[in-house]
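Below is one structure, written out as structure tokens; the observations come after it.
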Amino acid sequence: MSLPLTGLVDWRLPVRGEAAVDLAFQYRVDGLQFDLGGPGRGPWLDRPGTVGGTVGRLRRTAAAAGVTPLGVAANVLNDLGLTAEPGTLAAARVRSVLRRLLDVGRELGVPLVFVPSFRRSAIDGEPALRRTAEVLRWAAERARARGLLLANENVLPPHLALRLVEEVGSPAFRLLLDSYNPVGAGIDVPGLVEATAPFLADQIHLKDGRAGTAATPLLGDGDGRVDATVDAVARRLPGVRAVVLENDHRDGDGARLRADLARARAFAHRLDRRRMEAAQPCPSY
């Protein structure tokens, strides 16, 4: 099994799209997850009349740079509200975004597209969970038809995360693990990994933080217990394809980005080493 790829997310960089590919090449990053864009989020990747143009050019730029397109995120859904009531204009907008996400994912050639459940899309009660499952069930069917996996990132405790998986009920659906976001909701992330491992996407977000401050510490220096999460992933999810750094680097501090990437690569090596150790046969006496 090969070493997991180390990736970045373009929405946490000072540049986006093709410029993010150039930056990834400069820092010898293996892959990128891209944001679909939208109001307040930057240009849409599929601006009218440019599918095969903007998206196709991005795919060709990434191929020429040796940077793997890992996924596409519809972060604009945090602003629109995935849980909008059926039949409303807001719900129609959500479906439109999901269709665009799936089409861009197929055009770009990524294996994974994902939607977040934060802010206006937060799963903050029983009705929101049921509605989220309904919308994701619809999207997962269409993802499967396009040869994609659809993931959802949330901060649900394990029993509710498992219930979401059950209610979506699609083999094309996954949970996207983030090493820090659940911490703010009081969730033990290594325990979350243990409970939900069969349904986790094979790309994980590595991020850290420190409660009570807006500052972003270097990966592993915060209170996110990233090392414990990586160890849990090594035990329960041996097929991880990519560890994707999601610390905020929009300030353009190259030295800090290099330091964080070095730590992300070290975690990728740690993940690989731990899963190799776990695969070793027990000695017989």
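Note that the structure is a prediction, hence the values are computed from the model and not measured.
- For CZ of Phe118, the number of neighbouring non-hydrogen atoms (other residues, nucleotides, ligands) closer than 6.0 Å is greater than 12.
- The OG1 atom of Thr68 sits 9.0 Å away from the CG atom of Leu32 when rounded to the nearest 0.5 Å.
- A donor-acceptor contact shorter than 3.5 Å is absent between the side chain of Arg241 and the backbone of Gln203.
- Within the 3.5 Å criterion, the main-chain N or O of Arg57 finds a donor-acceptor partner in the side chain of Thr61.
- At a threshold of 4.5 Å between side-chain heavy atoms, the hydrophobic network of Ile, Leu, Val, Met, Phe, Trp and Tyr places Trp138 and Phe114 in two separate groups.
- Atom CZ of Phe199 and atom CG of Leu177 lie 14.5 Å apart (nearest 0.5 Å).
- Ion pairing between Asp79 and Arg120 fails under the 4.0 Å rule for side-chain N and carboxylate O.
- The structure places OG1 of Thr83 at 10.5 Å from CG of Leu77, a figure rounded to the nearest 0.5 Å.
- Arg174 has no carboxylate O lying under 4.0 Å from a charged side-chain N of Asp202, or vice versa, which leaves the two without a salt bridge.
- The CZ atom of Phe267 lies 6.0 Å from the CZ atom of Arg270; values are rounded to the nearest 0.5 Å.
- Taking a 4.5 Å side-chain heavy-atom cut-off between Ile, Leu, Val, Met, Phe, Trp and Tyr, the cluster of Leu89 contains only that residue.
- The side chain to side chain contact (heavy atoms under 4.5 Å, CB included) test with Trp44 is passed by exactly one of Val55, Val97, Val104, Asp35: Val97.
- The environment of CZ in Arg144 is sparse: at most 12 heavy-atom neighbours from other residues, nucleotides or ligands sit within 6.0 Å.
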List the atom pairs, with distances to 0.1 Å, where a side-chain N or O of residues 212-221 and a protein N or O form a donor-acceptor pair under 3.5 Å, not counting sequence neighbours.
{"from": "Thr213", "atom 1": "OG1", "to": "Ala215", "atom 2": "N", "distance (Å)": "3.1"}
{"from": "Asp221", "atom 1": "OD1", "to": "Arg263", "atom 2": "NH1", "distance (Å)": "2.7"}
{"from": "Asp221", "atom 1": "OD2", "to": "Arg263", "atom 2": "NH1", "distance (Å)": "3.2"}

Take His205 and Leu176 through the test side chain to side chain contact (heavy atoms under 4.5 Å, CB included) and record every step on the way to the result.
CA-CA 8 Å; His205 281 172; Leu176 181 67; 3.7 Å; yes
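- For Val189 against Pro182, the heavy-atom pair with the smallest separation is CG2-CB, 4.0 Å.
- A pairwise comparison of heavy atoms in Gly81 and Val94 identifies O-CG2, 3.2 Å as the closest pair.
- Ser179 places a side-chain N or O within donor-acceptor distance of the main-chain N or O of Lys207, the cut-off being under 3.5 Å.
- Counting only N and O atoms by type, the side chains of Asn78 and Ser121 include no donor and acceptor under 3.5 Å apart.
- Under the 4.5 Å side-chain criterion, counting only non-hydrogen atoms from C-beta, Asp188 is not in contact with Val183.
- Within a 6.0 Å sphere centred on CZ of Arg273, other residues, nucleotides and ligands contribute more than 12 heavy atoms.
- A donor-acceptor contact under 3.5 angstrom links the side chains of Trp11 and Glu246, judged on distance only.
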Show, in sequence, the C-alpha distance, side-chain angles and deciding distance for Leu5 and Leu70, and conclude whether the side chain to side chain contact (heavy atoms under 4.5 Å, CB included) test is met.
CA-CA 10 Å; Leu5 302 177; Leu70 294 170; 3.9 Å; yes
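- Between the side chain of Thr88 and the backbone N or O of Ala91 there is at least one donor-acceptor pair closer than 3.5 Å.
- A single hydrophobic cluster is not seen to contain both Leu101 and Val9; linkage of ILVMFWY side chains at heavy-atom distances under 4.5 Å, directly or through other members, places them apart.
- For Arg16 (side chain) and Arg41 (main-chain N/O), a donor-acceptor pair under 3.5 Å exists by modelled atom type.
- The two residues Pro69 and Pro111 come nearest to each other via the heavy atoms O-CD, 3.9 Å.
- For Glu126, the CD atom counts as densely surrounded, since its 6.0 Å shell holds more than 12 non-hydrogen atoms of other residues, nucleotides or ligands.
- Aromatic rings from His249 and Tyr27 are positioned such that their centres are separated by 6.0 Å or more.
- Closest of all the heavy-atom pairs between Leu150 and Ala143 is CB-CB, 4.0 Å.
- Considering only heavy atoms from C-beta on, Arg28 stays 4.5 Å or farther from Thr6 through its side chain.
- Hydrophobic clustering places Val115 together with Leu80 (ILVMFWY residues linked when any side-chain heavy atoms are closer than 4.5 Å, directly or through intermediates).
- No hydrogens or angles considered: nothing links the side chains of Asp10 and Gln33 as a donor-acceptor pair under 3.5 Å.
- With a 4.5 Å cut-off on side-chain heavy atoms, Arg119 and Asn75 do not count as touching.
- Taking each heavy atom of Pro14 and Gly252 in turn, the nearest pair found is CG-CA, 4.0 Å.
- The backbone N or O of Glu107 sits less than 3.5 Å from a side-chain atom of Arg59, completing a donor-acceptor pair.
- The closest side-chain heavy-atom distance from Leu164 to Leu156 is below 4.5 Å.
- The only member of Arg130, Arg131, Arg137 that meets salt bridge (charged side-chain N to carboxylate O under 4.0 Å, His left out) when paired with Glu134 is Arg131.
- Taking the side chain as every heavy atom from C-beta outward, Val230 and Leu206 approach each other to under 4.5 Å.
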What verdict does the salt bridge (Lys or Arg N to Asp or Glu O under 4.0 Å) test give for Arg146 and Asp103, after you've listed the backbone C-alpha separation in whole Å, the side-chain angles of each residue and the deciding distance to 0.1 Å?
CA-CA 8 Å; Arg146 291 165 171 82; Asp103 288 344; 3.1 Å; yes
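- By the criterion of side-chain heavy atoms lying less than 4.5 angstrom apart, applied directly or through intervening Ile, Leu, Val, Met, Phe, Trp or Tyr residues, Leu112 is not grouped with Leu108; the two fall into different hydrophobic clusters.
- In plain terms, the two heavy atoms of Asp272 and Ser2 that are nearest each other are OD1-O, 4.0 Å.
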Determine, step by step, whether Leu149 and Val113 satisfy the side chain to side chain contact (heavy atoms under 4.5 Å, CB included) criterion, reporting the C-alpha distance in whole Å, the side-chain angles of both residues, the deciding distance to 0.1 Å, and the verdict.
CA-CA 6 Å; Leu149 292 177; Val113 295; over 6 Å; no
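- Side-chain N or O atoms of Asp30 include none that pairs as donor or acceptor with a backbone N or O of Gly7 at under 3.5 Å.
- Atom-to-atom distance recorded for Leu245:CG and Leu13:CG is 8.5 Å, nearest 0.5 angstrom.
- Note that CD1 of Ile123 and CG of Asn152 are 5.0 Å apart. Values are rounded to the nearest 0.5 Å.
- Defined by atom type and a distance below 3.5 Å, a donor-acceptor pair is missing between the side-chain atoms of Asn247 and Tyr180.
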Run Val233 and Ile204 through side chain to side chain contact (heavy atoms under 4.5 Å, CB included) and show every step you take.
CA-CA 9 Å; Val233 169; Ile204 63 173; 4.3 Å; yes
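- For the pair Asp46 (side chain) and Arg100 (backbone), a donor-acceptor distance under 3.5 Å is absent.
- Atom CZ of Arg210 sits in a crowded spot, with more than 12 heavy atoms from other residues, nucleotides or ligands closer than 6.0 Å.
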